[in-house]
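Structure, as structure tokens:
Predicted model only: the values in this text are computed from it and were never measured.
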Amino acid sequence: MRMRKKKNSESRLELCLELLLNSRNEITEFPVTVEIGCGKGKFILETAKRNPDVNYIAIEKIPDVALLAMEKVKEAGLTNVRFIIGDALSLPQYFKKGEIERIYLNFSDPWPKSGHTRRRLTYRGFLEMYKGLLAPNGEIVFKTDNRPLFDFSVEEFKYMGFELEDLTYDLHNSEYAADNVVTEYEANFSAKGFSINRVRAKMNRITNLEVRKANISELDRIMEMVAQAQEYMREAGFCQWDNGYPSRELISEDIEKGNRYVVCEGDTVMASAGIFFGEEPDYKEIYDGKWINESPYLSIHRICVDNSSKGMGLGGALVRCAEEIGRNNNIKNLRCDTHEENKSMRRMLEKNGFVHCGTIHLSDGSPRVAYHKKMR
């Protein structure tokens, strides 16, 4: 239901202008804690009272609703809360990397229709944006009465590499109830018997890693990882990368053409892969099965992870990179292949949503198990 326009809203807003942010330059202290969708302000008011040394910024897209929240804060005389009239997509206009300590998402719109998945504030596209703004030890605190949305969000947090803490499906009857600040919506629905779900999704080593295009100066490092992968395959007893494949010249060509990506921690390259547009000739025919569809796709090839970094989920970081490239180019499918005996690669692909579709043959006739992922 749309809120009726408040009487004298313009003159009332004039009285609260000192609380309203119009540009990044008006923010004087970092880091900050942000609530996205503050509603009428009960949560941000009580939270700011409890933590006077924390700087809060509340975001609300409906001006008349934001006005009610601002009036509450002004009446309480709080000096540690400012407001932005806008939505989640306005965050990069106000904040840069590492400037947000915590993000509160309280009872966000569930967008229940399957076609609206990407509008959910816990969808991986939004989570990628938050990651770019959160401090290295930052977190997202998510609370909702909608169990399907909560289950969806938990999986999205995991997929994006967040570490989950304090997860509960019944907040008001849990050990975390004493410190919980109740929102207007929460009070209403809890009184009707709805259970409240809550989780903290924390940044960790994985979520802080950078994924970017490789530089030619990193060729030696990538070839070190290629050599490690070749040794692993020999010791495991299968020949996927033999006869000098992939060669230094091939990896160099990947880099020069902008198709080679790396996962980095600071200046250290920890993993790498090639991500390619266009049809892969070896994928034209598939045996013992079929591809999920024949729509345009990106293919991922020549994945290598440093031995000291295995088990950290770096393959998943490269898959997420490919997905983001796909979304930016209106491509919703990924394909990949590997040796039947390459158990670690197969586990990584299946863990990240790829489906085993059949068998393809390389140009030399060697069989490879074929995988396909249709992105949401």
Side-chain angles (χ1 to χ4, degrees), residues 1-24 26-27 32-49 55-95 100 102-113 115-123 125-127 129-130 133 140-146 149-150 152-153 181-192 194 196-198:
M1 180 183 296
R2 294 185 62 183
M3 174 173 282
R4 294 180 181 176
K5 187 170 179 62
K6 298 298 178 183
K7 292 183 179 180
N8 306 315
S9 59
E10 292 183 5
S11 59
R12 289 163 62 185
L13 183 60
E14 287 286 333
L15 299 175
C16 299
L17 284 182
E18 72 273 16
L19 300 178
L20 186 62
L21 292 170
N22 294 296
S23 74
R24 169 182 167 77
E26 297 174 11
I27 306 174
V32 301
T33 291
V34 174
E35 183 187 11
I36 301 176
C38 70
K40 298 177 183 178
K42 181 179 179 181
F43 176 85
I44 202 68
L45 176 70
E46 181 58 34
T47 303
K49 282 182 179 178
N55 298 309
Y56 292 93
I57 294 179
I59 299 178
E60 174 54 53
K61 66 181 179 180
I62 303 176
D64 281 351
V65 177
L67 172 61
L68 296 177
M70 284 189 280
E71 288 178 332
K72 286 186 175 74
V73 168
K74 182 177 178 64
E75 183 178 356
L78 296 179
T79 59
N80 60 332
V81 184
R82 302 289 296 278
F83 290 84
I84 294 171
I85 296 179
D87 58 23
L89 293 175
S90 66
L91 284 174
Q93 300 174 30
Y94 292 88
F95 306 105
I100 299 178
R102 179 180 294 118
I103 294 174
Y104 286 110
L105 297 174
N106 292 319
F107 302 92
S108 307
D109 191 328
W111 291 103
K113 294 183 179 179
H116 292 164
T117 301
R118 296 175 67 175
R119 300 186 184 184
R120 297 170 188 165
L121 295 184
T122 51
Y123 176 67
F126 280 103
L127 297 183
M129 177 180 68
Y130 306 149
L133 304 175
I140 301 168
V141 182
F142 176 62
K143 186 162 54 170
T144 181
D145 63 304
N146 188 298
L149 175 63
F150 189 71
F152 165 87
S153 303
V181 177
V182 179
T183 74
E184 293 95 344
Y185 183 99
E186 181 177 356
N188 181 24
F189 277 77
S190 179
K192 295 178 180 178
F194 287 81
I196 306 302
N197 311 280
R198 202 282 309 275

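Here the closest heavy-atom approach between residue G86 and residue I59 is recorded as O-CG2, 3.3 Å. Minimum heavy-atom separation, Y94 to I27: O-CD1, 3.8 Å. Heavy-atom minimum distance, A58 versus I44: CB-CG1, 4.0 Å. Shortest non-hydrogen contact noted between E26 and L21 is OE1-CA, 3.3 Å. In plain terms, the two heavy atoms of T122 and S153 that are nearest each other are OG1-OG, 2.6 Å. The heavy-atom pair separating K74 from C16 by the smallest distance is CD-SG, 3.9 Å.
Two residues are said to be in side-chain contact when any heavy atoms from C-beta on lie closer than 4.5 Å; E184 and N188 fail this criterion. Residues L91 and Y130 meet the side-chain proximity criterion, which asks for heavy atoms closer than 4.5 Å. Side-chain atoms of T33 and I100, non-hydrogen and from C-beta on, never get closer than 4.5 Å to each other. Proximity of V73 to Y56: side-chain heavy atoms (C-beta onward) are nowhere separated by under 4.5 Å. Proximity of I196 to K143: side-chain heavy atoms (C-beta onward) are separated by under 4.5 Å at one or more points. Residues N8 and E14 form no side-chain contact, since every pair of their non-hydrogen atoms from C-beta on lies 4.5 Å or further apart. For the pair F95/I57, a side-chain contact is recorded, criterion being any heavy-atom separation below 4.5 Å from C-beta on.
Taking CD of E60 as the reference point, atom CD1 of I84 lies at 12.0 Å (rounded to 0.5 Å). From I140, atom CD1 reaches atom CG of L121 across 10.0 Å, with rounding to the nearest 0.5 Å. Taken to the nearest 0.5 Å, the OG1 atom of T79 stands 11.5 Å off from the CD atom of E18. Atom CG of L149 is separated from atom OG1 of T117 by 10.5 Å, given to the nearest 0.5 angstrom. Here CD of Q93 is found 11.5 Å from CG of N22. Values are rounded to the nearest 0.5 Å. Between the CE atom of M70 and the CG atom of L20 there is a distance of 5.0 Å, given to the nearest 0.5 Å.
Salt bridge absent: K42 and E186 never bring a charged side-chain N and a carboxylate O closer than 4.0 Å.
Of the residues listed (Y104, F83, F43), the one engaging C38 in a side chain to side chain contact (heavy atoms under 4.5 Å, CB included) is F83, and it is the only one.
Counting only distance, with no hydrogens or angles, the side chain of R120 and the backbone of P110 share a donor-acceptor pair below 3.5 Å. R198 contributes no side-chain N or O that, together with a main-chain N or O of V141, makes up a donor-acceptor pair within less than 3.5 Å. Listed for the N80 side chain is a donor-acceptor partner under 3.5 Å among the backbone atoms of A48. Put simply, the side chain of S190 never gets that close to the backbone of A187: no donor and acceptor are under 3.5 Å apart. Between the side chain of R118 and the backbone N or O of F126, no donor-acceptor pair lies under 3.5 Å.
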Test side chain to side chain contact (heavy atoms under 4.5 Å, CB included) on K49 and V81; report intermediate values, then the result. CA-CA 10 Å; K49 282 182 179 178; V81 184; over 6 Å; no

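Relative ring orientation between F194 and F189 is described as perpendicular, the plane-to-plane angle rising above 60° on a 0-90° scale split at 30° and 60°.
Counting non-hydrogen atoms of neighbouring residues, nucleotides and ligands closer than 6.0 angstrom, the NZ atom of K72 exceeds 12 such neighbours. Within a 6.0 Å radius of CD in E75, no more than 12 heavy atoms belonging to other residues, nucleotides or ligands are found.
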